[in-house]
Amino acid sequence: RMYRSFPSAVAGFTRTLFSFFDYHVLLYLVAWLWIGCIFLEPLIILLLNSIGVEILYFPAFLAWLAVVQAACLFALIYIRFPVALTALYPLSIGLFVWLAFRSLIYNASGKHTWKDRDLPRPHLRL
């Protein structure tokens with residue numbers, strides 16, 4: 001097992017997500033904002049439509065299509081797991097987008113620790 005608890009998983013992903021992009025801030029922000037928009041915006045559009053707010057640039061039928069496509073993608077990813085996990089894809093995407101921004105903030109601010117040791121602040125690249 002990679003991590004034994006949720007807090008250790010949060011700490012581990014916080015430590016490594018930003019480093020995977022070699023500390024390139026702009027590339028990192030674009031990638032994670034894109035992931036958040038692609039998977040979460042259709043759900044937000046549908047939520048807004050359900051309370052009577054119509055978004056002209058993103059019709060509801062396209063939002064439904066995007067949600068179905070995302071669910072199919074996650075169904076393929078979770079093929080060896082219970083099908084019910086597919087319905088939790090917004091939670092997993094939201095969690096990882098949060099972890100990504102947490103990783104950026106902790107690394108850039110020098111607040112980063114691992115196993116009770118302070119890690120050096122990395123050299124950030126634009």
Side-chain angles (χ1 to χ4, degrees):
R1 295 178 76 172
M2 201 164 146
Y3 301 110
R4 301 208 182 275
S5 67
F6 183 75
S8 68
V10 167
F13 283 116
T14 297
R15 178 178 59 92
T16 58
L17 279 175
F18 189 43
S19 65
F20 179 77
F21 285 79
D22 199 25
Y23 306 106
H24 286 272
V25 176
L26 189 58
L27 178 63
Y28 189 75
L29 287 173
V30 167
W32 283 104
L33 286 171
W34 180 78
I35 289 170
C37 285
I38 293 298
F39 289 105
L40 298 177
E41 185 182 21
L43 294 166
I44 293 168
I45 297 298
L46 291 175
L47 179 67
L48 290 173
N49 276 322
S50 71
I51 61 171
V53 178
E54 187 176 343
I55 307 299
L56 297 176
Y57 75 90
F58 202 152
F61 77 92
L62 287 179
W64 276 112
L65 180 62
V67 168
V68 168
Q69 288 175 335
C72 289
L73 176 65
F74 275 82
L76 288 172
I77 293 168
Y78 295 146
I79 199 142
R80 294 183 181 204
F81 298 101
V83 176
L85 284 177
T86 301
L88 297 177
Y89 88 83
L91 181 63
S92 62
I93 290 293
L95 178 64
F96 263 91
V97 169
W98 170 73
L99 282 171
F101 285 99
R102 185 178 195 269
S103 181
L104 174 64
I105 291 166
Y106 274 54
N107 278 283
S109 67
K111 293 182 185 178
H112 198 55
T113 61
W114 181 247
K115 296 186 179 183
D116 298 326
R117 294 185 306 256
D118 290 334
L119 297 175
R121 186 175 174 196
H123 174 72
L124 303 180
R125 301 169 186 207
L126 191 59

* Asked: More than 12 foreign heavy atoms under 6.0 Å from OH of Y3: is that the case here?
  -> yes
* Can you find a pair of side-chain heavy atoms, one from F18 and one from Y106, that are under 4.5 Å apart? -> no
Identify all side-chain donor-acceptor contacts of residues 32-59 below 3.5 Å with residues at least two apart in sequence or on another chain.
unit_1: E41; atom_1: OE2; unit_2: Y57; atom_2: OH; d: 2.6
unit_1: N49; atom_1: ND2; unit_2: I45; atom_2: O; d: 3.3
unit_1: S50; atom_1: OG; unit_2: L47; atom_2: O; d: 2.6

* To do: Say whether V68 and L73 are linked into one hydrophobic cluster, either directly or through other cluster members, by side-chain heavy-atom distances under 4.5 angstrom.
  => no
* Around atom CG of L126, are there more than 12 heavy atoms of other residues, nucleotides or ligands at under 6.0 Å? -> no
* To do: Indicate the atoms forming the closest heavy-atom contact of T14 with N107, along with that distance.
  => O-ND2, 3.4 Å
* Structure fact -> When rounded to the nearest 0.5 Å, the distance separating CD1 of I77 from CZ of F74 is 5.0 Å
* Pairs touching residues 60-89 that satisfy side chain to side chain donor-acceptor pair (under 3.5 Å), sequence neighbours left out -> none
* Asked: Are I79 and L85 grouped together when hydrophobic residues (ILVMFWY) are joined by side-chain heavy atoms under 4.5 angstrom apart?
  -> no
* Asked: Any side-chain heavy-atom pair from W98 and V10 closer than 4.5 angstrom?
  -> yes
* Using the rule that two of Ile, Leu, Val, Met, Phe, Trp, Tyr join whenever any of their side-chain heavy atoms come within less than 4.5 Å, decide whether L95 and F81 are in one cluster. => yes
* Are I105 and L17 in one and the same hydrophobic cluster, where Ile, Leu, Val, Met, Phe, Trp and Tyr link if side-chain heavy atoms are under 4.5 Å apart? -> no
* Check the hydrophobic clustering (I, L, V, M, F, W, Y; side-chain heavy atoms under 4.5 Å; chains of links allowed) and say if F6 and L88 are grouped together. => yes
